[in-house]
Amino acid sequence: MAPTIHLVRHAQGYHNLRVENENMHDPDLTPLGEEQCAALRKAFPHHDKVTRLVASPMRRTLYTCIKAFGEDRLYPVVALDVLQEVSDVPSDTGSPVEKIQAEFGDKLDASRVREDWIDKGPKSPFEPALHKLTERALEARIALRELAGKGDDHIVVVSHGGFLHFLTDEWYGIPTGSATGWHNCELRSYQFVDPTGQDPDAALRETAESWASREGETKPPTETEMREMRSVVQKRISPLLNVRE
């Protein structure tokens with residue numbers, strides 16, 4: 001018995017259309033993004049098993065979560081500030097807590113979002129620095145483990161393409177010139193490596209079914225291969241994510 005964590009990258013936002021749109025603050029989903037949410041809602045086979053919805057507090061992740069998975073029995077969506085995107089450009093910087101709470105109302109639980117979560121400066125835990133991203137990913141995994149509990153529950157977690165690599169510590173399959181290997185509205189399913197909850201790293205492993213659905217018969221990288229891949233890939237994608245050493 002172990003919880004299953006369904007990780008999702010948000011649907012297409014206006015900042016995904018062109019580089020110049022990264023100057024848009026906390027942007028909306030595009031019409032295509034809304035269609036992607038509808039398609040995911042239709043295709044997802046485990047709606048009846050989901051017990052909790054979790055998301056980054058950014059508007060595109062919250063709307064993706066609500067449009068693709070939302071239903072009365074699962075509200076409010078638990079917002080975790082540690083799930084926000086990596087960089088400090090305007091499109092990857094969220095809105096004040098009171099603003100998002102007013103916008104989403106009783107569909108949102110923002111009690112775990114710190115007031116200064118939109119500060120990504122040098123003194124902030126959300127600064128896009130490599131060591132802080134590693135620490136933030138660990139904090140996020142531990143929080144998700146607590147939210148998931150110890151049963152056979154399924155929870156949905158909507159985050160961002162760049163941060164999902166840090167969260168899962170998976171660095172395989174990122175195309176050259178891209179900051180992420182996750183497509184908009186892509187879903188992958190994970191379980192904790194240690195189902196007893198004692199692992200200090202709260203490490204996640206993609207389920208065999210999830211891996212096969214996207215990679216077919218390709219054998220997944222071993223833990224050693226993934227560790228060797230980590231530093232090389234992080235160095236390659238860091239400029240694209242505005243990550244600092």
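Computed from a predicted structure; not experimentally measured.
- Residue P27 comes nearest to S91 through the heavy atom pair CD-O, 3.6 Å, listed as atom of the first residue, atom of the second, then distance.
- Residues F192 and L144 approach most closely at CZ-C, 4.1 Å, considering heavy atoms.
- T207 contributes no side-chain N or O that, together with a main-chain N or O of Y190, makes up a donor-acceptor pair within less than 3.5 Å.
- The side-chain heavy atoms of I66 and Y75, taken from C-beta on, include a pair separated by under 4.5 Å.
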* **Stepwise ring-ring contact (aromatic ring centres under 6.0 Å, His included) test for F163 and H165** => CA-CA 5 Å; F163 186 67; H165 289 290; over 10 Å; no
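- If you check the side chains of S210 and E206, you find a donor sitting under 3.5 Å from an acceptor.
- No path of Ile, Leu, Val, Met, Phe, Trp and Tyr side chains, each step under 4.5 Å between heavy atoms, connects V113 with I142, placing them in separate hydrophobic clusters.
- Counting heavy atoms from C-beta outward, L164 and T180 have side chains that stay 4.5 Å or more apart.
- Using modelled atom types, one finds no donor on one side chain facing an acceptor on the other under 3.5 Å when comparing N184 with W182.
- To the nearest 0.5 Å, the span separating CG on L17 from CG on L32 amounts to 8.5 Å.
- I5 CD1 to T168 OG1: the interatomic distance, rounded to the nearest 0.5 Å, is 13.0 Å.
- In terms of modelled atom types and a separation under 3.5 Å, the side chain of E85 and the main chain of G94 share no donor-acceptor contact.
- Judged purely by atom type and a 3.5 angstrom limit, W211 has no side-chain atom pairing as donor or acceptor with the backbone of R188.
- A salt bridge is absent between K120 and E127: the closest approach of a Lys/Arg side-chain nitrogen to an acidic carboxylate oxygen does not fall below 4.0 angstrom.
- With values rounded to the nearest 0.5 angstrom, F69 atom CZ is found 12.5 Å from H154 atom NE2.
- Taking every heavy atom of both residues into account, C65 and L53 meet most closely at SG-CB, 3.7 Å.
- Not one N or O on the side chain of E215 forms a donor-acceptor pair closer than 3.5 Å with the backbone of A212.
- Put simply, the side chain of F126 does not reach to within 4.5 Å of the side chain of K132, judged on heavy atoms.
- The backbone N or O of L29 sits nowhere less than 3.5 Å from a side-chain atom of R60 that would complete a donor-acceptor pair.
- Between the side chain of N23 and the backbone N or O of P90, no donor-acceptor pair lies under 3.5 Å.
- S189 is listed as a side-chain neighbour of L187, based on a closest heavy-atom distance under 4.5 Å.
- Heavy-atom minimum distance, S178 versus I174: O-CG2, 3.5 Å.
- Side-chain contact annotation: S56 with Q84, donor-acceptor N/O pair under 3.5 Å absent.
- Considering CZ of R244 and OG of S238, their distance stands at 11.0 Å, rounded to 0.5 Å.
- In this structure, R112 contributes its side chain and L80 its backbone to no donor-acceptor pair below 3.5 Å.
- Within the structure, every pair that satisfies the side-chain hydrogen bond (donor to acceptor under 3.5 Å, both in side chains) test and touches residues 137-151, not counting sequence neighbours, is listed here: R114-E139.
- Nearest approach of L62 to P57, heavy atoms of both residues: CD1-O, 3.5 Å.
- Contact of the D152 side chain with the P3 side chain is not registered, since no non-hydrogen atoms from C-beta on lie closer than 4.5 Å.
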* Hey, mind stepping through I155 and H6 against side-chain contact (heavy atoms from CB on, under 4.5 Å) and telling me if it holds? -> CA-CA 6 Å; I155 71 171; H6 300 289; over 6 Å; no
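- Here the closest heavy-atom approach between residue D92 and residue S87 is recorded as OD2-OG, 2.6 Å.
- A donor-acceptor distance shorter than 3.5 angstrom exists from the side chain of N16 to the backbone of G13, with no hydrogens or angles considered.
- Distance alone, capped at 3.5 Å, is enough to place a donor-acceptor pair between the D194 side chain and the D199 backbone.
- In this structure, the separation between CZ on R214 and NE2 on H183 is 9.0 Å, given to the nearest 0.5 Å.
- Annotation: side chain of H160 is in contact with side chain of M58 (closest heavy-atom distance under 4.5 Å).
- Under the side-chain hydrogen bond (donor to acceptor under 3.5 Å, both in side chains) criterion, the residue pairs touching residues 25-43 are Q12-T30, D26-S95, D28-R59, with sequence neighbours excluded.
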* When you look at E170 and R205, which way does the salt bridge (Lys or Arg N to Asp or Glu O under 4.0 Å) test go after all the steps? -> CA-CA 9 Å; E170 286 186 353; R205 178 186 296 130; over 6 Å; no
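- In this structure, L130 and F166 have side chains that are in contact, with non-hydrogen atoms separated by less than 4.5 Å.
- Under the 3.5 Å distance criterion, with hydrogens and angles disregarded, no donor-acceptor pair is assigned to the side chains of Y14 and E22.
- Proximity of a side-chain donor or acceptor of T61 to a complementary backbone N or O of A55 within less than 3.5 Å is not detected.
- At a threshold of 4.5 Å between non-hydrogen side-chain atoms, the residues V157 and V8 do not count as touching.
- Salt bridge status for D169 with R230: present, with a side-chain N to carboxylate O gap under 4.0 Å.
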